[in-house]
Trainee: 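I'd like to ask you about the structure that follows.
From a predicted model like this one, the values you see are computed outputs, not experimental measurements.
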Amino acid sequence: MIRNLFVYNNFNNIKTNIKPIHLLNIKRYYSTTTQQQHKKEIQIDATQNFNIKKKWFDINSRSAFLLLQQCFKSIFEKALTKEDIEKLFQNEKGDISNNVFNGTIKEMASMLLKDNDLGRKLIDAFESNKSEIPYSSMIEKLELSNKGHLNLRVTDEYLKTILKLWINSNGISQEDFKGNNNNNNNNNNNNNENDKYILKNLKFQGDKDLNEIEKENRLLPIRNKKVLVDFASPNMSKELHVGHLRSIALGESICRILEYMGHDVERISHAGDFGTPLGIVLAHSLEINADYLKHIQDPTCKGNEPIIPTPKELSELYTISKKRTKTDESFSKRTLWTAAEFQKGPPIYDGVGGKQIGGSDPIVYDAWLALCDASRIGFNKVFKMLDINVNERGESFYRDMIPGIIDELTNMGFVDISEDGRKCIFLDKTKSKDSQVPVVIQKSDGAYLYATTDIAAIKHRVQNGKEWVIVITDDSQSDHFQQVFKIAEDAKWLDRKETRVDHLSFGVVRGANGQKLSSRDGNPIALIDLLYESIERSKQATSLSKSFTRSEKLDISQNANSIEVDRLLDTFENENNNNNNNNNNNNNNNNNNNNNNNNNNNNNSNSNNNNNNETTIDENHFHKIGMGALKYYDLTHRNNPYVFSYDSILSFKGNTSIYILYCYTRIATLLRRVNFDDLNLNPNLVEFKDFTEKERNLIFVMSRFSDVMKNTEQSLKPGVICDFLWDLSNSFHQFYETEKIIGSERQDQKLFICLATQRILSTGLHLLGVETVEKL
């Protein structure tokens with residue numbers, strides 16, 4: 001049975017038989033006697049608040065998987081001959097080798113052995129050689145199940161070490177790890193107990209002394225690199241639509257994760273400010289003397305403040321002008337000339353007579369600048385709402401480099417000129433040119449294409465010292481970027497042994513009909529509209545239910561789309577509850593409530609009503625919930641298309657940010673009730689006793705944090721963190737709902753477990769770009 005202290009004031013048909021905390025006849029436990037004795041001493045200590053942007057211990061040297069891997073490597077060597085080991089790991093299915101050398105700690109906890117005799121040999125070798133086996137003190141016992149699983153149980157001592165990593169009052173900032181890739185002795189706990197579980201002689205991916213098995217081990221840490229992440233990258237003159245959410249959310253999360261892991265990350269938005277679409281809009285805008293260009297074209301408006309079009313107005317201009325290119329041939333030619341013209345760069349004048357001697361037509365160039373400036377206003381508003389930090393470096397940045405790059409490729413013999421004058425590159429030298437679609441790098445009119453600027457970008461990035469380049473776009477551009485990388489490799493600008501390049505692709509966002517999510521008129525939904533709608537839906541969703549338990553009881557037809565109820569408040573979430581001793585007055589004040597409710601229910605309802613004015617929820621609260629829900633849900637579907645549904649995104653059930661935040665707020669409420677933050681409790685003064693099974697399970701999930709982070713860093717899939725946070729939340733709820741915390745004999749131990757869980761949740765959510773709230 002779930003232990004639920006929530007009180008629902010506005011649902012008269014629900015009986016509330018559980019007293020709120022302020023009416024329970026129990027002693028409020030704040031700390032043990034030992035803690036009270038040392039309270040003054042603790043408060044004198046200068047403690048450093050937990051910071052989600054800091055690594056509080058070295059991730060790489062705390063890898064539970066690598067610790068167990070070394071342990072089992074020694075066990076195998078002591079149990080089997082070299083020939084037996086080689087034969088074993090040549091198994092076609094590789095059940096053991098995959099688990100031991102390429103798995104995760106979750107898999108390590110249970111390995112499948114087809115040969116029971118082998119399992120017994122391993123157990124015997126472990127039991128008789130513990131003192132010689134590295135990190136053997138992690139393992140309490142090994143067991144062979146009837147199904148052939150070799151199960152291991154970790155020790156309480158190891159679990160205590162994991163717990164203390166997250167609850168210590170002092171930490172190491174991110175700066176302490178920069179440039180220090182070994183980190184063997186760089187941790188926030190230097191006592192012998194913790195030193196037992198730190199990897200010695202840590203190896204990294206790409207090290208020259210790796211053996212063949214180690215070379216295939218993707219969970220070996222990555223040395224810190226200079227990284228460039230190319231994401232967001234909107235097109236000027238177009239409004240951001242729902243598809244941009246995917247690149248924006250993924251890019252921001254990838255940057256945060258890599259920064260957390262110690263990499264030097266540069267965030268770049270490769271904005272589309274150089275192509276034919278801008279030529280289309282500019283040609284039309286100049287012809288009709290659009291309002292946003294009147295300060296440039298109209299002599300009577302010279303010196304006036306420019307009129308800034310809205311993103312929707314810009315998109316309408318693009319739609320109208322795009323349609324004209326299909327029906328007006330002369331206009332279509334002007335758009336090509338306009339694009340080629342502004343690509344020439346700023347007008348150049350001689351220093352004597354002021355005559356123009358090069359560059360773009362002044363009016364066309366000024367119009368291009370005005371269009372880009374107007375577009376940025378809309379982009380930046382969305383970036384601010386989503387808390388995105390990125391620097392624009394558009395295609396035009398590479399304007400002056402492109403002629404030299406084309407000449408360089410031509411001199412290398414890569415460029416062919418087509419019959420119509422286009423400059424092309426054929427990638428497959430083994431096939432005839434007639435059987436290939438070439439990569440066009442310059443049109444016959446001299447204009448450049450996406451491929452041209454992308455080739456210039458990869459060359460510039462590598463030559464400026466980037467050791468890892470990550471480009472994030474939809475999956476329709478996968479072939480394009482493979483071609484770009486291939487050209488850079490053939491030209492010897494890119495060496496993949498020295499520089500890692502990744503193109504992270506993602507699928508489309510679909511509507512309920514299975515098609516691309518769009519408005520009723522068939523156009524893509526504006527992202528800004530989606531964001532505002534998400535804020536409104538988050539108000540409804542959080543009003544619908546204050547807890548996972550409560551939401552389970554609601555009818556399935558009541559969802560975030562249809563339900564509209566007043567916001568519910570929980571009695572114990574209010575900081576200044578009155579005890580309400582006047583029960584008769586309370587009953588009179590609640591005559592409209594269900595008469596079958598008992599006096600306790602009336603007291604609770606009145607308490608909530610009295611505190612409605614004291615508890616205020618501002619717009620920013622729902623903004624955090626709404627934006628976080630969109631980003632989190634999107635990150636759980638990185639590689640795949642998904643169906644957009646507010647009911648799924650804002651659900652209290654399943655792997656959603658709302659469910660994770662519910663766990664976080666549950667802990668926050670619990671800690672507030674015991675004034676935990678005010679006491680500055682010192683974990684070193686707590687005597688941690690043997691953990692219960694629920695405590696063990698929860699802390700064991702915590703021990704996976706290092707390997708989850710290394711896995712995410714390697715795979716560039718933030719969804720791995722989403723899954724981990726979901727596992728952690730589920731484990732916490734099992735612990736919370738079955739064990740007494742406040743008032744228990746081991747209250748401090750349990751509270752520290754809650755604190756550690758909350759800190760991991762806040763860290764993980766931050767890495768995903770989701771802000772936490774103290775209550776839902």
Trainee: How long is the gap from OG on Ser657 to CG on Leu765, to the nearest 0.5 Å?
Mentor: 8.0 Å
Trainee: So how far is it from Leu199 CG to Ser63 OG, rounded to the nearest 0.5 Å?
Mentor: 6.0 Å
Trainee: Might you point out which heavy atoms bring Ile753 and Met702 nearest each other, and give the distance in Å?
Mentor: O-CE, 3.6 Å
Trainee: Spell out, as yes or no, whether a donor-acceptor pair under 3.5 Å connects the side chain of Ser253 to the backbone of Ala249.
Mentor: no
Trainee: Taking side chain as C-beta onward, heavy atoms only, is Leu66 less than 4.5 Å from Gln70?
Mentor: no
Trainee: Run the salt bridge (charged side-chain N to carboxylate O under 4.0 Å, His left out) test on Glu745 and Lys689 for me, step by step, so that the C-alpha distance in whole Å, both residues' side-chain angles and the decisive distance to 0.1 Å come before the verdict.
Mentor: CA-CA 11 Å; Glu745 293 181 356; Lys689 300 180 181 180; 5.3 Å; no
Trainee: Considering residues at least two apart in sequence or located in another chain, which fulfil the salt bridge (charged side-chain N to carboxylate O under 4.0 Å, His left out) criterion with Lys710?
Mentor: Asp707
Trainee: Could you tell me if the side chain of Pro718 sits less than 4.5 Å from the side chain of Ile254, heavy atoms only?
Mentor: yes
Trainee: Using side-chain heavy atoms (C-beta onward) and a distance below 4.5 Å, is Lys200 in contact with Tyr135?
Mentor: yes
Trainee: Does some side-chain heavy atom of Thr763 sit less than 4.5 Å from a side-chain heavy atom of Phe705?
Mentor: yes
Trainee: Please report the interatomic distance CD1(Ile660) to CG(Leu725), rounded to the nearest 0.5 Å.
Mentor: 5.5 Å
Trainee: Compare all side-chain heavy atoms of Lys54 with those of Tyr260 and state whether any distance is below 4.5 angstrom.
Mentor: no
Trainee: Kindly give the heavy-atom pair with the smallest separation between Ala756 and Ile167, and that separation in Å.
Mentor: CB-CG2, 3.8 Å
Trainee: For Phe65 and Ser706, run side-chain contact (heavy atoms from CB on, under 4.5 Å): C-alpha distance rounded to whole Å, both residues' side-chain angles, the deciding distance at 0.1 Å, then the answer.
Mentor: CA-CA 9 Å; Phe65 170 76; Ser706 291; over 6 Å; no
Trainee: Could you please spell out the steps behind the side-chain contact (heavy atoms from CB on, under 4.5 Å) verdict for Met709 and Leu767?
Mentor: CA-CA 10 Å; Met709 289 305 304; Leu767 296 175; 3.6 Å; yes
Trainee: For Arg696 and Asp156, run salt bridge (charged side-chain N to carboxylate O under 4.0 Å, His left out): C-alpha distance rounded to whole Å, both residues' side-chain angles, the deciding distance at 0.1 Å, then the answer.
Mentor: CA-CA 8 Å; Arg696 287 181 58 85; Asp156 274 12; 2.5 Å; yes
Trainee: Exactly one of Val770, Thr772, Val773, Asn620 should register a side chain to side chain contact (heavy atoms under 4.5 Å, CB included) with Ile625. Which one does?
Mentor: Val773
Trainee: Between Lys694 and Glu737, does a salt bridge (charged side-chain N to carboxylate O under 4.0 Å, His left out) hold up when you go through it step by step?
Mentor: CA-CA 10 Å; Lys694 290 296 190 292; Glu737 292 161 0; over 6 Å; no
Trainee: With sequence neighbours excluded, tell me which residues meet salt bridge (charged side-chain N to carboxylate O under 4.0 Å, His left out) with Arg746.
Mentor: Glu695
Trainee: Between Glu157 and Lys196, does any NZ, NE, NH1 or NH2 come within less than 4.0 Å of an OD or OE carboxylate oxygen?
Mentor: yes
Trainee: Do Phe752 and Trp166 make the cut of ring centroids closer than 6.0 angstrom?
Mentor: no
Trainee: Show your reasoning for whether side-chain contact (heavy atoms from CB on, under 4.5 Å) applies to Glu687 and Asp748.
Mentor: CA-CA 9 Å; Glu687 181 182 354; Asp748 287 342; over 6 Å; no
Trainee: Do the ring planes of Tyr662 and His733 sit parallel (below 30°), tilted (30 to 60°) or perpendicular (above 60°)?
Mentor: parallel
Trainee: Of all residues at least two apart in sequence or in a different chain, which pass the salt bridge (charged side-chain N to carboxylate O under 4.0 Å, His left out) check with Glu713?
Mentor: none
Trainee: Can you find a heavy atom in the side chain of Tyr736 that is under 4.5 Å from one in the side chain of Ile741?
Mentor: yes
Trainee: Ser137 and Tyr197: side-chain donor and acceptor closer than 3.5 Å?
Mentor: yes
Trainee: Out of curiosity, Leu650 CG to Ser534 OG, how far, rounded to the nearest 0.5 Å?
Mentor: 5.5 Å
Trainee: Taking all non-hydrogen atoms of both residues, which atom of Asp690 and which atom of Gln749 are closest, and how far apart?
Mentor: O-NE2, 4.3 Å
Trainee: How would you list, by chain and number, every residue that makes a salt bridge (charged side-chain N to carboxylate O under 4.0 Å, His left out) with Asp723, sequence neighbours excluded?
Mentor: none
Trainee: With a 4.5 Å limit on heavy-atom distance, are the side chains of Lys141 and Phe126 in contact?
Mentor: no
Trainee: Which atom names give the shortest non-hydrogen contact between Ile667 and Cys754, and what distance separates them?
Mentor: CG2-O, 3.4 Å
Trainee: A side-chain contact here means heavy atoms from C-beta on lying under 4.5 Å apart; do Ile535 and Met627 qualify?
Mentor: yes
Trainee: Start with the C-alpha gap between Glu693 and Arg153, add the side-chain angles, then the distance that decides, and say whether salt bridge (charged side-chain N to carboxylate O under 4.0 Å, His left out) holds.
Mentor: CA-CA 11 Å; Glu693 283 304 308; Arg153 179 182 175 90; 2.9 Å; yes
Trainee: Taking Arg704 for the side chain and Phe724 for the main chain, is one N or O donor matched with an acceptor at less than 3.5 Å?
Mentor: no
Trainee: Would you tell me whether Thr692 and Glu739 have side-chain atoms, one donor and one acceptor, within less than 3.5 Å of each other?
Mentor: yes
Trainee: Determine, stepwise, if the pair Gln540 / Tyr646 fulfils side-chain contact (heavy atoms from CB on, under 4.5 Å).
Mentor: CA-CA 11 Å; Gln540 298 172 18; Tyr646 281 113; over 6 Å; no
Trainee: Got a sec, which residues hit side chain to side chain contact (heavy atoms under 4.5 Å, CB included) with Cys71, two or more places apart in sequence or on another chain?
Mentor: Ile75, Ile133, Ile139
Trainee: Can you tell me which residue pairs pass the side chain to side chain donor-acceptor pair (under 3.5 Å) test with a partner in residues 627-636, sequence neighbours excluded?
Mentor: Arg246-Asp634, Tyr632-Asn655, Asp634-Tyr642
Trainee: If I compare all heavy atoms of Asn730 with all of Tyr659, which pair ends up nearest, and what's the gap?
Mentor: OD1-OH, 2.6 Å
Trainee: What heavy-atom pair brings Arg666 and Phe732 nearest, and what distance separates the two atoms?
Mentor: CD-CE2, 4.5 Å
Trainee: Can you measure from CG (Leu152) to CE (Met138) and round to the nearest 0.5 angstrom?
Mentor: 8.0 Å
Trainee: With rounding to the nearest 0.5 Å, note down the distance linking CZ in Arg62 to OG in Ser703.
Mentor: 12.5 Å
